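All heavy atoms count here, side chains included; hydrogens, waters and symmetry mates do not. Computed from a predicted model, the values in this text were never measured in an experiment. We number each residue from 1, following the sequence as shown.
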Amino acid sequence: MNRTSGPLVSVVVTTYQHAAYIAACLDGILAQRTDFAVEVLVGEDESTDGTRAICQRYAVRHPDRIRLFLRQRKDVMHIGGRATGRANLLHLLGEARGTFIALCEGDDVWTDPDKLARQVAALHADPQAMGCFTNVLNCSAEQSSPYFEDGVTRVPQSMVTERDVVLVHGVPTCSFLCRRSALFPLPPGLWHSPVADSLLFPHVARSGHLLYLPLVTAVRHVHAGGISSMKGPLERLRVELDSLPFIDAVSGHRYSAELKERGRKALLSNWATALRTHDGPLARYCWRRIAPDRHAHGWNLSTTLRNGLTAMGFGGW
């Protein structure tokens, strides 16, 4: 194995409060079978649950492969009033030296030891492809199911365009690998967008298509400590709507009308959910966003007033 010319792949691992997962995460990365050099950049955001000590042990055992960056909570970047791991991610991306960059958050696990080799080979075979991703398993305490599942999330074609990424497909972050040349310079919105990956994927796809390999290569843990996967419907809706302007900007405003329609459908769908579940905060949030532009949502004045009273009736205004 030739490791004398520097890493071909940089694996970026952001971690915070992941003591239950980080060892398996790092084991899955270190188990990759490649004939090229791989560096693992771990950014630990001053956890209090033992994550930092685990990362330090791995860095001592694998000094030739793991570069550990110990960060402090005082340096955490707040976005939308919430502490995030964004500063950690931005720092790691800036430190990455590889021609290709792969992402894996500290609570996710690569289960296919040939993941990196398959993805790098696919990108070498298609110079117009800027990134590559696969299927993964979503695992919670209750169940395990594929991320891309017919009837739930649309299964991608082998070639995925910028339009697909913006309007149709999700991309499991822990399966993503891209060319460094397509990633940098980073989009300015990355410093402010509620979610980083929803911006990075269309940003990379601006330069060329993405490849989808129909393989399950990782496990994505869905748990209460996750950034958004286990948040309630109100928080998920806030994040989606607040992300749309950043996605619009990074895609050069080519899909503005479609993104506006996506936001409209999200509001109406969540309004229906709020009525069905008597979710007062969600109902009031939707009503406040729909009322000023009620005609675009198909509400006349009387419907808007009636719906406002209904929202107010779910536990106050």
Side-chain angles (χ1 to χ4, degrees), residues 1-15 21-44 55 58-59 61-69 85 88-136 160 171-186 190 196-197 200-201 203-205 207-220:
M1 185 182 301
N2 180 9
R3 297 186 181 275
T4 60
S5 59
L8 183 69
V9 176
S10 297
V11 183
V12 168
V13 180
T14 56
T15 186
Y21 309 102
I22 188 61
C25 172
L26 295 176
D27 285 340
I29 296 169
L30 294 169
Q32 291 296 299
R33 298 187 291 232
T34 67
D35 60 1
F36 49 78
V38 177
E39 67 170 358
V40 186
L41 290 78
V42 181
E44 205 291 312
C55 292
Y58 272 79
R61 292 175 194 162
H62 305 277
D64 58 330
R65 303 188 66 186
I66 294 179
R67 300 168 62 199
L68 176 60
F69 301 87
N88 192 0
L89 172 64
L90 292 170
H91 177 254
L92 293 179
L93 291 175
E95 290 284 346
R97 300 174 297 190
T99 303
F100 300 96
I101 296 176
L103 304 177
C104 188
E105 295 177 341
D107 52 351
D108 297 327
V109 180
W110 291 354
T111 55
D112 181 354
D114 296 315
K115 173 191 180 293
L116 287 182
R118 296 180 198 274
Q119 291 183 296
V120 168
L123 291 182
H124 277 321
D126 186 349
Q128 301 306 311
M130 295 296 112
C132 183
F133 64 100
T134 74
N135 207 347
V136 305
V160 177
V171 174
T173 303
C174 62
S175 78
F176 189 68
L177 176 141
C178 68
R179 298 184 192 274
R180 178 189 182 86
S181 60
L183 187 60
F184 291 96
L186 296 171
L190 196 57
D197 50 13
L200 286 178
F201 304 144
H203 171 69
V204 169
S207 304
H209 57 269
L210 306 182
L211 297 176
Y212 171 65
L213 304 183
L215 307 166
V216 173
T217 66
V219 167
R220 177 176 173 265

Can you list everything that forms a ring-ring contact (aromatic ring centres under 6.0 Å, His included) with [X]? Sequence neighbours excluded, please.
{"X": "F184", "answer": "none"}
{"X": "H62", "answer": "none"}
{"X": "Y212", "answer": "F133, F148"}

Taking atom [atom1] of [X] and atom [atom2] of [Y], what is their separation to the nearest 0.5 Å?
{"X": "L89", "Y": "E105", "atom1": "CG", "atom2": "CD", "answer": "8.5 Å"}
{"X": "L41", "Y": "S10", "atom1": "CG", "atom2": "OG", "answer": "5.5 Å"}
{"X": "I101", "Y": "L183", "atom1": "CD1", "atom2": "CG", "answer": "5.0 Å"}
{"X": "D114", "Y": "T217", "atom1": "CG", "atom2": "OG1", "answer": "11.0 Å"}
{"X": "L190", "Y": "L90", "atom1": "CG", "atom2": "CG", "answer": "5.0 Å"}

Once salt bridge (Lys or Arg N to Asp or Glu O under 4.0 Å) is applied, do any residues pair with D112, and if so which ones, sequence neighbours excluded?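 Testing D112 for salt bridge (Lys or Arg N to Asp or Glu O under 4.0 Å), a comparison that skips the adjacent residues, returns R118.
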Return the minimal non-hydrogen interatomic distance between [X] and [Y], and the atom names on each side.
{"X": "L92", "Y": "F69", "result": "CD2-CD1, 3.5 Å"}
{"X": "L8", "Y": "H124", "result": "CD2-NE2, 4.3 Å"}
{"X": "R65", "Y": "I29", "result": "NH2-O, 4.2 Å"}
{"X": "L210", "Y": "M130", "result": "CD2-C, 4.4 Å"}
{"X": "A122", "Y": "L211", "result": "O-CD1, 3.6 Å"}

Any donor-acceptor pair under 3.5 Å linking the side chain of N88 with the backbone of G43? yes
Side chain to side chain donor-acceptor pair (under 3.5 Å) against Q119, all qualifying residues, sequence neighbours excluded: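 K115.
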Applying side chain to side chain donor-acceptor pair (under 3.5 Å), can you list everything that pairs with N135, at least two apart in sequence or on another chain?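 Listed in chain order: nothing, the list is empty.
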Suppose the criterion is salt bridge (charged side-chain N to carboxylate O under 4.0 Å, His left out): which pairs have a residue in residues 88-102, not counting sequence neighbours?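 Applying salt bridge (charged side-chain N to carboxylate O under 4.0 Å, His left out) to every pair that reaches into residues 88-102, excluding sequence neighbours, yields E39-R97, R67-E95.
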Hey, are the side chains of [X] and [Y] touching, using non-hydrogen atoms and a 4.5 Å cut-off?
{"X": "Y21", "Y": "V109", "value": "no"}
{"X": "Y58", "Y": "V40", "value": "no"}
{"X": "L200", "Y": "V171", "value": "no"}

Are L116 and W110 close enough, and set up right, to give a side chain to side chain contact (heavy atoms under 4.5 Å, CB included), and what steps lead you there? CA-CA 10 Å; L116 287 182; W110 291 354; 3.7 Å; yes
Pair R220 + D108: basic N to acidic O under 4.0 Å: no
Start with the C-alpha distance between L186 and L93, add both sets of side-chain angles, then the distance that settles side chain to side chain contact (heavy atoms under 4.5 Å, CB included), and finish with yes or no. CA-CA 9 Å; L186 296 171; L93 291 175; 4.1 Å; yes
Which atom pairs, one a donor and one an acceptor, fall under 3.5 Å between side chains of residues 174-182 and the rest of the protein, sequence neighbours left out?
from : atom 1 : to   : atom 2 : distance (Å)
S175 : OG     : T134 : N      : 3.2
S175 : OG     : T134 : O      : 3.2
S175 : OG     : P172 : O      : 2.9
R179 : NE     : A129 : O      : 2.6
R179 : NH2    : L123 : O      : 2.6
R179 : NH2    : D126 : O      : 3.1
R179 : NH2    : A129 : O      : 3.2
R180 : NH1    : A96  : O      : 2.6

Under the rule for side chain to side chain contact (heavy atoms under 4.5 Å, CB included), what residues qualify as partners of A117, not counting sequence neighbours?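 Listed in chain order: nothing, the list is empty.
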